[in-house]
A.B. asks: 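First the structure, which I've put down as structure tokens, then a few questions once you've had a look.
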4 protein chains.
Amino acid sequence: MSPGAPAASGRDVQGSRPLRADAQRNRTRILDAADAVFAVKGPTASTEEIAQRAEVAIGTLFRHFPTKEALVEAVFVGRLDALAEQARSLAGAADPGAAFFAFLTEAVRQSTIKHTFADALADAGVNLHAYEGTVAEAIRDLQQSIGELLGRAQQAARVRVDIDVRTLIALIAGAAHAIGYASQDPAIERLVLSVTFDGLRPPVSP
Amino acid sequence: MSPGAPAASGRDVQGSRPLRADAQRNRTRILDAADAVFAVKGPTASTEEIAQRAEVAIGTLFRHFPTKEALVEAVFVGRLDALAEQARSLAGAADPGAAFFAFLTEAVRQSTIKHTFADALADAGVNLHAYEGTVAEAIRDLQQSIGELLGRAQQAARVRVDIDVRTLIALIAGAAHAIGYASQDPAIERLVLSVTFDGLRPPVSP
Amino acid sequence: MSPGAPAASGRDVQGSRPLRADAQRNRTRILDAADAVFAVKGPTASTEEIAQRAEVAIGTLFRHFPTKEALVEAVFVGRLDALAEQARSLAGAADPGAAFFAFLTEAVRQSTIKHTFADALADAGVNLHAYEGTVAEAIRDLQQSIGELLGRAQQAARVRVDIDVRTLIALIAGAAHAIGYASQDPAIERLVLSVTFDGLRPPVSP
Amino acid sequence: MSPGAPAASGRDVQGSRPLRADAQRNRTRILDAADAVFAVKGPTASTEEIAQRAEVAIGTLFRHFPTKEALVEAVFVGRLDALAEQARSLAGAADPGAAFFAFLTEAVRQSTIKHTFADALADAGVNLHAYEGTVAEAIRDLQQSIGELLGRAQQAARVRVDIDVRTLIALIAGAAHAIGYASQDPAIERLVLSVTFDGLRPPVSP
DNA sequence: GATGAATGAGTTTTCATTCAT
DNA sequence: AATGAATGAAAACTCATTCAT
């Protein structure tokens with residue numbers, strides 16, 4: 001599991017005392033397993049399968065996440081945090097345009113693994129008002145870090161000024177989807193990114 | 001239900017005599033219901049719910065579609081046929097560029113109703129080799145009619161020549177996804193389409 | 001279908017006017033189909049399959065036999081009649097012992113095709129009191145014709161005198177079952193018949 | 001439930017740790033219920049009915065036996081084990097002929113409860129090659145223990161030497177069938193056994 | 001009478017969730 | 001806290017039987 005993976009999320013559950021060491025370890029294992037299984041089978045994968053992969057009993061899974069939905073959300077938040085982290089790490093780059101498009105490429109690639117995430121990302125990114133709790137928090141955080149990158153790229157005249165963060169997130173999810181199907185075909189992947197990037201550039205001034 | 005809706009599909013099942021009037025009516029009701037329910041809840045919606053909405057017994061549903069998969073495919077084929085029909089109706093237009101972008105707009109809007117369709121569309125469009133039967137047939141038909149529009153627009157220098165049909169279908173699905181979440185927000189819809197269109201245009205020659 | 005097959009049964013349904021020619025033909029087709037299908041798949045075979053094999057609509061099947069049970073019974077009666085016919089054709093033979101064992105061999109072989117029949121035969125043969133209608137009638141008829149053969153063989157001192165018709169029918173069904181499993185293995189078939197025959201012979205007088 | 005009944009089977013599922021006390025209790029209840037229900041209604045009885053009789057939820061039944069087939073097999077193996085146990089307990093008897101016929105009587109009586117078992121017994125006994133897993137194992141075990149009894153009885157000149165284990169099992173099943181129907185009538189039961197026993201004895205040397 | 005579409009209770013199986021150990 | 005067995009409400013699918021055409 002790469003650094004920045006969901007389980008490494010530092011987001012604290014408010015109001016709960018720190019977990020015992022073994023409990024914390026189980027929580028991490030469950031999140032990692034869920035992340036992997038959801039990525040392959042989508043969110044209809046069974047909790048039982050996740051528990052098995054995490055090598056914990058099903059009861060343990062439900063002790064940590066009272067419903068399946070809670071688990072799905074936690075995985076989602078983990079991915080959002082990882083994305084936001086990535087955006088922040090590019091925030092100070094010398095070339096704002098390069099940083100922006102580099103982030104875009106990476107974000108699309110990561111979302112590509114499984115549509116579920118792209119779906120959830122776009123939905124949350126665009127309809128933040130419909131969310132609450134940790135998801136809303138994570139999205140707000142992500143929007144801010146992406147906003148930073150976007151703003152700088154726009155100031156550097158590398159991106160159309162009429163694009164806002166919510167539209168950008170929608171575009172990322174869309175491109176991820178488009179590419180997701182063509183996993184065998186690098187040509188399509190390149191073309192989709194190319195079209196999206198070109199469409200984002202400011203119009204050539206006459 | 002708009003004209004060209006799935007139930008109106010003219011694709012004939014080979015070798016079966018025409019259905020009795022009442023059976024045809026039920027088949028249509030089931031397809032319409034499935035189309036509507038899948039649009040809202042995705043393909044995991046239960047066959048029972050669809051049967052209820054169609055006001056037929058569950059046995060009737062399974063008489064018409066022997067497995068759930070067959071029903072899902074039939075709905076899908078219906079939508080593909082409607083799209084292809086649309087492409088064909090624009091094929092002879094005087095302005096190939098306008099026709100192309102008009103089709104794109106319409107295709108994205110229709111796919112937007114539910115991601116399921118966009119997903120399936122892109123998957124089938126890109127990975128046609130993985131399909132067979134009526135779905136493969138419908139996709140091939142759609143690819144051809146879209147190809148026509150695309151080819152003319154490229155000859156008229158209104159679309160980049162490096163785009164092929166498969167990439168285009170992937171882009172349509174991607175844009176549909178992106179927009180799908182922003183159903184409340186026409187601004188995002190406009191921007192996503194604008195970015196996609198601009199990205200598709202041929203580079204300005206210096 | 002060999003002569004003597006169930007459909008050829010001459011047993012009249014009491015009180016019903018003679019069937020129209022085409023109806024009679026359909027009745028025959030259904031019975032033949034049911035006989036064949038039940039022989040292969042047992043009585044859990046679906047009515048639909050039988051109708052298809054008979055090339056009639058399912059509604060036609062149920063017009064002739066108001067319940068599946070009625071159809072099963074009719075097939076059964078057909079086989080009982082065929083057996084009884086066979087017994088009668090041997091009744092006048094010169095050698096009563098040979099006639100008896102020839103019948104036995106034939107009866108076992110025929111019942112062997114499918115255990116269902118052996119089961120039903122034994123049950124009806126032994127527990128005649130539990131049956132009524134055409135089945136009871138057919139069994140009584142069969143018991144009488146077998147009784148004839150048995151009586152003569154006993155008088156000729158070729159069969160133990162303590163055997164009665166009901167026991168004999170049970171033994172036939174039992175042997176048929178035993179052999180049914182060994183359809184691949186003629187050795188077992190021969191041995192089972194040999195044991196049964198030997199056991200039926202009168203004890204050697206000292 | 002007599003000792004040696006299916007639930008008491010000592011056959012261990014390899015590789016699985018011993019069940020928790022309550023789970024073992026439920027497993028036993030389910031097996032006992034299945035044994036009883038199958039005996040009355042045959043193997044088409046519904047899993048739901050078995051679960052009800054065992055007073056467990058349907059999910060519990062399927063946790064213990066992942067398919068209905070697995071349950072049917074487990075019941076079958078239980079009975080086979082009980083029979084083999086019985087054969088073994090008679091193996092050392094002083095009088096091999098008496099032991100052999102005592103076993104036969106008992107085996108027929110037990111198989112008589114329901115034809116399903118006799119059917120399965122004969123099929124597996126004769127066509128062992130078509131089985132695998134625990135069923136094959138149990139049958140092999142049974143064949144061996146019966147073979148022992150048979151061999152000794154043959155050496156003592158109490159049974160025809162041309163009989164082999166497979167034929168013997170077929171005969172047991174056949175007799176069980178024959179008797180099964182005559183449960184009300186001890187006379188028939190006695191006669192069927194008598195015929196079978198007599199048929200198995202070696203021919204009187206002149 | 002024949003047809004075959006419609007019905008709906010019943011079947012096996014899955015799975016999120018609870019709770020005794 | 002962890003375990004994993006138990007629960008029971010679905011879910012997809014079947015099939016004997018009915019009834020409109």
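Keep in mind that what you see is a predicted model, and the values were worked out from it rather than measured. Every chain is numbered from 1 and lettered A, B, ... according to where its sequence line falls, protein lines coming before strand lines.
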A.B. asks: Who passes side-chain hydrogen bond (donor to acceptor under 3.5 Å, both in side chains) against C:Gln52, sequence neighbours left out?
C.D. replies: none
A.B. asks: By the salt bridge (charged side-chain N to carboxylate O under 4.0 Å, His left out) test, which pairs, at least two apart or in different chains, include something from residues 58-69 of chain B?
C.D. replies: none
A.B. asks: Pairs under 3.5 angstrom, nitrogen or oxygen only, protein versus nucleotides 14-17 of chain F, please.
C.D. replies:
{"from": "F:dA16", "atom 1": "OP1", "to": "C:Lys68", "atom 2": "NZ", "distance (Å)": "3.1"}
{"from": "F:dA16", "atom 1": "OP2", "to": "C:Thr47", "atom 2": "N", "distance (Å)": "2.9"}
{"from": "F:dA16", "atom 1": "OP2", "to": "C:Thr47", "atom 2": "OG1", "distance (Å)": "2.7"}
{"from": "F:dT17", "atom 1": "OP2", "to": "C:Lys68", "atom 2": "N", "distance (Å)": "2.8"}

A.B. asks: Just to verify, what does C:Glu48 make a salt bridge (Lys or Arg N to Asp or Glu O under 4.0 Å) with, not counting sequence neighbours?
C.D. replies: none
A.B. asks: Residues two or more places apart in sequence or in another chain: which of them pass side-chain contact (heavy atoms from CB on, under 4.5 Å) with A:Ala70?
C.D. replies: A:Phe65, A:Pro66, A:Thr67
A.B. asks: Run the salt bridge (Lys or Arg N to Asp or Glu O under 4.0 Å) test against B:Glu49 and tell me which residues pass, sequence neighbours left out.
C.D. replies: B:Lys41
A.B. asks: For the pair made of CZ in A:Phe65 and P in E:dT18, what is the distance, rounded to whole Å?
C.D. replies: 16 Å
A.B. asks: Taking only the side-chain heavy atoms of C:Ala57 (C-beta and beyond), determine which of F:dG4, F:dA2, E:dG4 contains the nearest atom.
C.D. replies: E:dG4
A.B. asks: Kindly express the pairing pattern of DNA chain F in dot-bracket notation, using | wherever a base pairs with another strand and counting only Watson-Crick or G-U pairs under 3.5 Å.
C.D. replies: .||||||||||||||||||||
A.B. asks: Could you pull out all residues at least two apart from D:Asp123 that satisfy side-chain hydrogen bond (donor to acceptor under 3.5 Å, both in side chains)?
C.D. replies: D:Asn127, D:Tyr131
A.B. asks: Run the salt-bridge test on C:Asp32 and C:Arg53 with the 4.0 Å N-O cut-off and return the result as yes or no.
C.D. replies: no
A.B. asks: Report yes if a side-chain nitrogen or oxygen of A:Asn26 is closer than 4.0 Å to either non-bridging phosphate oxygen (OP1 or OP2) of F:dA1; otherwise report no.
C.D. replies: no
A.B. asks: Tell me every residue that passes side-chain contact (heavy atoms from CB on, under 4.5 Å) with C:Ala34, counting only those two or more places apart in sequence or in another chain.
C.D. replies: C:Phe38, C:Ile50, C:Leu71, C:Val75
A.B. asks: Could you state the CD-C1' distance from D:Gln52 to E:dG10, rounded to the nearest angstrom?
C.D. replies: 13 Å
